[in-house]
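One structure is given here, and the rest of the page talks about it.
Everything numeric here is computed off the predicted structure, so don't read it as measured data. Residue numbering restarts at 1 for every chain, and letters A, B, ... go by the order of the sequence lines. The figures that follow rest on heavy atoms only: side chains count, while hydrogens, waters and symmetry mates do not.
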2 protein chains.
Amino acid sequence: MATAHRRKKQPELVRRALLDCAAKLALEQGLAAVTVQAVCEAAGVTKGGLFHHFASKQALIDGVVADILERLDADIAAAMALDPQPRGRFTRAYVTVTFDDLMSDQGRQWTALYISTLTEPSLRRVTAQWFARGLERHRATDDEPILETVRLAADGAWLAFLFRDEGGPLPDLPALRERLVAMTFAG
Amino acid sequence: MATAHRRKKQPELVRRALLDCAAKLALEQGLAAVTVQAVCEAAGVTKGGLFHHFASKQALIDGVVADILERLDADIAAAMALDPQPRGRFTRAYVTVTFDDLMSDQGRQWTALYISTLTEPSLRRVTAQWFARGLERHRATDDEPILETVRLAADGAWLAFLFRDEGGPLPDLPALRERLVAMTFAG
DNA sequence: CCTTAAATACCGACTGTTTGGTATCTTTCA
DNA sequence: TGAAAGATACCAAACAGTCGGTATTTAAGG
C-alpha cells in the first residue's frame with residue numbers, strides 16, 4: 001500500500017515488518033513467492049523503502065534466516081537453564097523447543113521457513129554451521145549416539161509436521177515428545 | 001546445444017534427460033535455478049523440444065517428483081521382499097532404502113531434490129499423500145510408536161545429510177543405520 | 001526555545017534482463 | 001505422405017535493482 005511515509009517514521013518497525021512478511025510469504029506460498037514486490041506490498045512499503053533497509057533481496061533473505069536462528073538459540077538456552085540434569089541437556093532443550101514450536105499456534109511461522117534453508121544452497125551453509133556450532137558447544141554432555149538419534153527424530157517430526165495440512169500422517173506430538181525426552185534419560 | 005535433431009530421434013531418451021537435468025539443477029543450485037532455459041541447455045534441447053514433451057514447466061517438475069516417488073516405491077518394495085519378519089518390515093525397508101541412498105555415490109540425486117518438495121506448496125500434497133499411502137498400506141505391521149520414531153529419525157538423518165558439504169555435523173551413517181534397524185526389533 | 005541544515009526514511013517511475021510460453025517452420029522417421 | 005520431434009523467432013509479464021525526488025527527524029548554532 002505504500003503508506004509507511006504517512007505514519008511516524010519507525011525504521012525498526014518497518015524493518016521488522018519486511019522480515020516478517022518475507023517469512024510469512026515463504027511459508028505460505030513457497031520461497032518462489034518471495035519477490036521484492038510481494039514483500040513490499042505485504043509490508044506496506046515500496047521498493048525504494050525496502051532497498052533502503054536491505055542492500056539486496058539476498059540480504060533480506062539472509063536477514064530472515066539470521067533472525068530465526070537467533071530466536072532458536074535464545075529459546076534453547078532458556079530451556080537448558082531450567083534443566084538440572086547435565087547429561088543430554090542440550091538434546092532435551094532441542095526437543096522441547098522443537099515441539100513447543102510445533103504445538104503452538106504462533107511459532108509455526110519460522111518453523112517451515114527454516115526448511116527453505118535446505119533447498120537454497122546459498123542458505124545451507126548458515127544453517128549447517130548453526131547446527132555444527134550448537135553441537136560443538138555441548139559435545140561434553142550430548143555426544144552419545146542415543147542422543148543423536150533423539151535429535152534426528154525431532155527433526156523428522158518437524159519435517160512430518162509440514163505435511164499436516166496436505167493429508168500427511170501427523171504423529172501424536174505430545175506422546176512423541178514424551179517418548180523422546182524419556183529416551184534421553186535411558187542408558 | 002540444441003543438436004538433438006541431428007542424432008537419431010529417441011524421444012524417450014530426451015524425456016529422461018530433461019527429467020534428470022531438472023533434478024540435477026534443483027539439487028545443485030536450488031529450485032530457483034530450475035528455469036526452462038537452463039534445463040533445455042543442460043539436456044541439449046531447445047525450448048520447443050521441452051515444451052513438446054511437457055505441457056508446462058510445472059508439468060516437468062511434477063514429472064520429476066513422480067519419478068522419484070516411483071523409484072522410492074520400487075526400492076522399498078524390493079527391500080521388503082527380502083525381509084522374513086513381518087513386524088516392522090516396512091519401517092526397516094524405509095530405513096534401508098534411505099541409508100542406501102545416502103551412502104551410495106549415485107542415488108543422491110533424487111534424495112535432496114525430494115526436499116524441494118517441502119518448500120513448494122504445490123508439491124507438498126503429492127509427497128504428503130505418498131507418505132500417507134505408504135503408512136496406510138502397512139499399518140498392520142508398522143503402526144507402533146517405536147517404529148514411527150525410527151522412521152522419523154531416518155528422515156532426520158536424511159535431512160542432516162544435506163548439510164554434509166557445508167560443515168554440518170554428519171552422523172556415522174552405518175552405525176546409525178544399524179542402531180535404527182535394531183530398534184525395530186526391540187519391544 | 002527557535003531556526004536551519006544535514007541526515008535519515010521513504011516514494012514511485014523507470015530500466016534492462018529473464019522468465020514461461022506460443023506460433024511457425026524444418027527435419028526425421030514410419 | 002503425414003505425424004512426431006525438434007528448431008527458431010518472438011512475446012508479454014515479471015523480475016531485481018536504480019535513481020531522482022520528497023517528507024520527516026535529528027542536531028547544532030544562535
Side-chain angles (χ1 to χ4, degrees), chain A residues 1-26 28-65 116 119-123, chain B residues 1-26 28-65 116 119-123:
Chain A
M1 292 222 190
T3 54
H5 66 293
R6 293 186 187 282
R7 63 168 179 260
K8 196 171 182 180
K9 305 238 171 185
Q10 293 166 312
E12 293 305 321
L13 211 135
V14 169
R15 206 189 138 88
R16 271 248 64 83
L18 287 168
L19 288 172
D20 290 346
C21 290
K24 192 175 183 184
L25 275 170
E28 292 176 354
Q29 305 182 50
L31 200 70
V34 183
T35 68
V36 170
Q37 191 143 346
V39 174
C40 292
E41 273 176 33
V45 175
T46 57
K47 285 211 232 181
L50 186 148
F51 282 109
H52 173 73
H53 287 282
F54 299 94
S56 67
K57 181 190 175 183
Q58 190 62 44
L60 167 68
I61 294 181
D62 290 349
V64 173
V65 173
S116 300
T119 58
E120 290 311 302
S122 65
L123 298 177
Chain B
M1 285 254 185
T3 56
H5 65 293
R6 293 187 188 281
R7 64 166 178 261
K8 195 171 181 180
K9 303 235 171 185
Q10 292 167 311
E12 292 306 319
L13 212 136
V14 170
R15 205 189 138 89
R16 271 249 65 83
L18 287 167
L19 288 171
D20 290 346
C21 289
K24 192 174 181 183
L25 273 169
E28 293 176 353
Q29 304 181 50
L31 200 71
V34 184
T35 70
V36 170
Q37 191 145 344
V39 174
C40 292
E41 275 177 32
V45 175
T46 56
K47 285 212 242 183
L50 186 148
F51 280 109
H52 174 72
H53 286 284
F54 299 93
S56 67
K57 181 191 176 183
Q58 191 62 44
L60 167 68
I61 293 181
D62 290 348
V64 172
V65 173
S116 300
T119 57
E120 291 311 302
S122 65
L123 298 177

Using atom NE2 of A:His53 as one end and atom C1' of D:dA16 as the other, report the distance to the nearest whole Å.
18 Å
Distance below 4.0 Å between A:His52 side-chain N/O and C:dC10 OP1 or OP2
no
Flag the pair A:Asp62 / A:Phe54 as yes when at least one side-chain heavy-atom distance between them is below 4.5 Å, and no otherwise.
no
Smallest heavy-atom separation, A:Val64 atom then A:Ala22 atom, equals CG2-CB, 4.0 Å
Please round to the nearest 0.5 Å and tell me the distance separating atom OG1 of B:Thr35 and atom NZ of B:Lys47.
8.5 Å
To the nearest 0.5 Å, tell me how far A:Leu13 CG sits from A:Leu18 CG.
10.0 Å
Distance from B:Arg15 atom CZ to B:Leu60 atom CG, nearest 0.5 Å?
9.0 Å
Separation of C:dC10 atom P from A:Phe54 atom CZ, nearest Å, is 11 Å
Distance col, row A:Asp20:CG vs A:Leu25:CG, nearest 0.5 angstrom, shows 11.0 Å
Quick one, B:Pro121 and A:Glu28 - any side-chain contact, counting heavy atoms below 4.5 Å?
no
Using whole Å, report how far CD of A:Glu41 lies from C1' of D:dC15.
13 Å
In 5'-to-3' order, the base (B), backbone-only (S) or no-contact (-) status of each nucleotide in nucleotides 18-23 of chain C, using a 4.0 angstrom heavy-atom cut-off, is -SBBB-
CG of B:Leu50 to CD of B:Glu41: how many Å apart, nearest 0.5 Å?
12.0 Å
Hey, could you give me the CD/CD distance between B:Gln58 and B:Glu120, rounded to the nearest 0.5 Å?
8.5 Å
Integer-rounded Å distance: D:dA16 P and A:Leu60 CG:
10 Å
Nucleotide D:dA5, atom P - distance to CG of B:Leu13 in whole Å
13 Å
Please give the angle, rounded to 10 degrees, between the axes at the start and the end of the helix from C:dC1-D:dG30 to C:dA30-D:dT1, where five pairs define each axis.
10°
Would you mind reading off the distance between A:Leu31 atom CG and D:dA16 atom P, rounded to a whole angstrom?
11 Å
Just the rounded figure in Å: distance from P of D:dA16 to CG of A:Leu18.
14 Å
Interatomic distance, A:Gln10 CD vs D:dT25 C1' [rounded to whole Å]:
13 Å
